[in-house]
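Only one structure is covered here, and it is reproduced in the block below.
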Amino acid sequence: MQPENEPGDQERRSFIEEARRAQIVSATIETIAEIGYARASFVQIARRAGISPGLITYHFAKREELMKQVMQTVHTSMDKALSARAEGAESHAAAVRSLIEGFVFYFAERPKELIAIGQIASASRDAEAARSWFEQQNAKTLAEMEDMFREGQRLGEFREFSPRVMAVSVIAAMEATPAELITRPDTDVATYARELADLFEHAMSLSASEVKPAR
């Protein structure tokens, strides 16, 4: 039997079914952001979506399945947005800047998504599948960032440092951003994004003595 979210299963769904699932996911994000993960029952989600709870269980048999879908939906949306920003970057340093600034802007524009995935990731019950999937994605992102730093070093764009330590640090700094934006809603997002990117650009840059003269 194919898992619910496998590509083959998605291809079999009708446009109406996909639209309904998207509506439920959107209502779930709204519900968690407004009343918290623990209180986000199918009844509460259905009320915000303007549908019956039974329609939710038709598409998502378990609450855990729905929470995993929320995680996947937000991640896919964010991945597309960040990839679009980094596409065409002229250097690895420019790509890193695009990713960092893009992350800050993405969540500044979508605070409810930020709150929802944060609460699901830290949930202590019936969100194991979502947490497991989230951890796998984080591990994949970490590995990809390590490779990018390693390649930048190979090409002489970055100074010598541990790609692993730098990747962990960048991700940790980005993950700390949501809490800052939530607790300080008056934050100048553009300045915050630029300075965070500046911080890591300086941390990765070659020193003057390491820069090779142009031929």
Side-chain angles (χ1 to χ4, degrees), residues 5 7 68 70-111 113-122 129-184 187-215:
N5 294 312
K68 181 179 178 181
V70 169
M71 283 286 203
Q72 291 176 324
T73 298
V74 174
H75 183 274
T76 298
S77 173
M78 180 175 66
D79 187 57
K80 287 181 179 179
L82 298 188
S83 295
R85 287 183 65 97
E87 187 176 354
E90 297 180 353
S91 66
H92 287 76
V96 173
R97 173 173 288 277
S98 292
L99 290 173
I100 293 174
E101 292 184 342
F103 184 91
V104 175
F105 282 114
Y106 181 89
F107 280 116
E109 295 166 358
R110 299 168 177 80
E113 289 185 5
L114 177 159
I115 295 170
I117 64 172
Q119 292 201 20
I120 294 172
S122 62
R131 285 201 312 274
S132 177
W133 183 86
F134 183 72
E135 289 167 0
Q136 290 173 9
Q137 293 303 310
N138 275 358
K140 181 181 177 182
T141 299
L142 180 61
E144 290 174 348
M145 193 167 285
E146 278 188 76
D147 289 342
M148 181 167 60
F149 291 148
R150 196 171 288 110
E151 180 66 7
Q153 289 174 326
R154 186 185 71 79
L155 294 174
E157 293 183 30
F158 297 146
R159 69 174 180 81
E160 286 301 315
F161 55 77
S162 165
R164 175 76 178 187
V165 172
M166 189 64 75
V168 168
S169 300
V170 170
I171 291 174
M174 290 195 301
E175 290 180 342
T177 297
E180 180 71 4
L181 297 182
I182 290 174
T183 57
R184 300 184 64 187
T187 297
D188 184 324
V189 176
T191 299
Y192 186 96
R194 185 184 66 251
E195 294 204 2
L196 187 61
D198 285 347
L199 176 66
F200 284 102
E201 182 176 312
H202 293 316
M204 296 181 292
S205 296
L206 296 166
S207 65
S209 62
E210 292 174 308
V211 177
K212 296 180 181 179
R215 293 184 179 180

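Below, each value reflects all heavy atoms present in this structure, side chains not excepted, and no hydrogens, waters or symmetry copies.
The shortest heavy-atom contact between His92 and Leu155 is CE1-CD1, 3.5 Å. When all heavy atoms are compared, the tightest approach of Met166 to Ala203 is CE-O, 3.9 Å. Closest non-hydrogen pair, Gly102 versus Leu82, comes out as C-CD2, 3.2 Å. Of all heavy-atom pairs between Ile100 and Met174, the closest is CA-SD, 3.9 Å. Minimum interatomic distance between Phe200 and Ser169 (heavy atoms only, all atoms of both residues): CZ-O, 3.6 Å. Residues Phe105 and Ala190 come closest through the heavy atom pair CZ-CA, 3.7 Å.
In this view, Glu135 satisfies the salt bridge (Lys or Arg N to Asp or Glu O under 4.0 Å) rule with no residue, not counting sequence neighbours. Glu175 pairs by the salt bridge (Lys or Arg N to Asp or Glu O under 4.0 Å) definition with nothing, not counting sequence neighbours. Residues forming a salt bridge (Lys or Arg N to Asp or Glu O under 4.0 Å) with Arg194 (at least two apart in sequence, or on another chain): none.
Trp133 CH2 to Lys68 NZ: the interatomic distance, rounded to the nearest 0.5 Å, is 8.5 Å. The distance from the OG1 atom of Thr76 to the CD atom of Gln137 is 8.0 Å, given to the nearest 0.5 Å. Note that CD of Glu180 is 5.0 Å distant from OG1 of Thr187, once rounded to the nearest 0.5 Å. Distance check, rounded to the nearest 0.5 Å: OG1 of Thr73 to CD1 of Ile117 gives 11.0 Å. Summarising the geometry, atom CE belonging to Met204 is positioned 10.0 Å from atom CD belonging to Glu157; distances are rounded to the nearest 0.5 Å.
Between Val70 and Glu113 there is no side-chain heavy-atom pair separated by less than 4.5 Å. Looking at Tyr106 and Arg85, their side chains never come closer than 4.5 Å, going by heavy atoms from C-beta outward. Side chains of Arg110 and Val74 form no contact here, defined as non-hydrogen atoms less than 4.5 Å apart.
Using cut-offs of 30° and 60° on the angle between ring planes, the pair Phe161 and Phe158 is tilted.
Although no hydrogens or angles enter the test, the distance criterion places a donor-acceptor pair under 3.5 Å between the side chain of Ser122 and the main chain of Gly118. No donor-acceptor pair under 3.5 Å is formed between the side chain of Arg150 and the backbone N or O of Arg164.
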Step-by-step side chain to side chain contact (heavy atoms under 4.5 Å, CB included) determination, Val165 to Phe149: CA-CA 10 Å; Val165 172; Phe149 291 148; over 6 Å; no

For the pair Leu142 and Asn138, evaluate side chain to side chain contact (heavy atoms under 4.5 Å, CB included) and give the outcome as yes or no after the intermediate values. CA-CA 6 Å; Leu142 180 61; Asn138 275 358; over 6 Å; no

Show your reasoning for whether side chain to side chain contact (heavy atoms under 4.5 Å, CB included) applies to Leu196 and Glu101. CA-CA 8 Å; Leu196 187 61; Glu101 292 184 342; over 6 Å; no

Set out, in order, the CA-CA distance, both residues' side-chain angles and the distance that settles side chain to side chain contact (heavy atoms under 4.5 Å, CB included) for Phe107 and Thr177, then state yes or no. CA-CA 9 Å; Phe107 280 116; Thr177 297; over 6 Å; no

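For Glu144, the CD atom counts as densely surrounded, since its 6.0 Å shell holds more than 12 non-hydrogen atoms of other residues, nucleotides or ligands.
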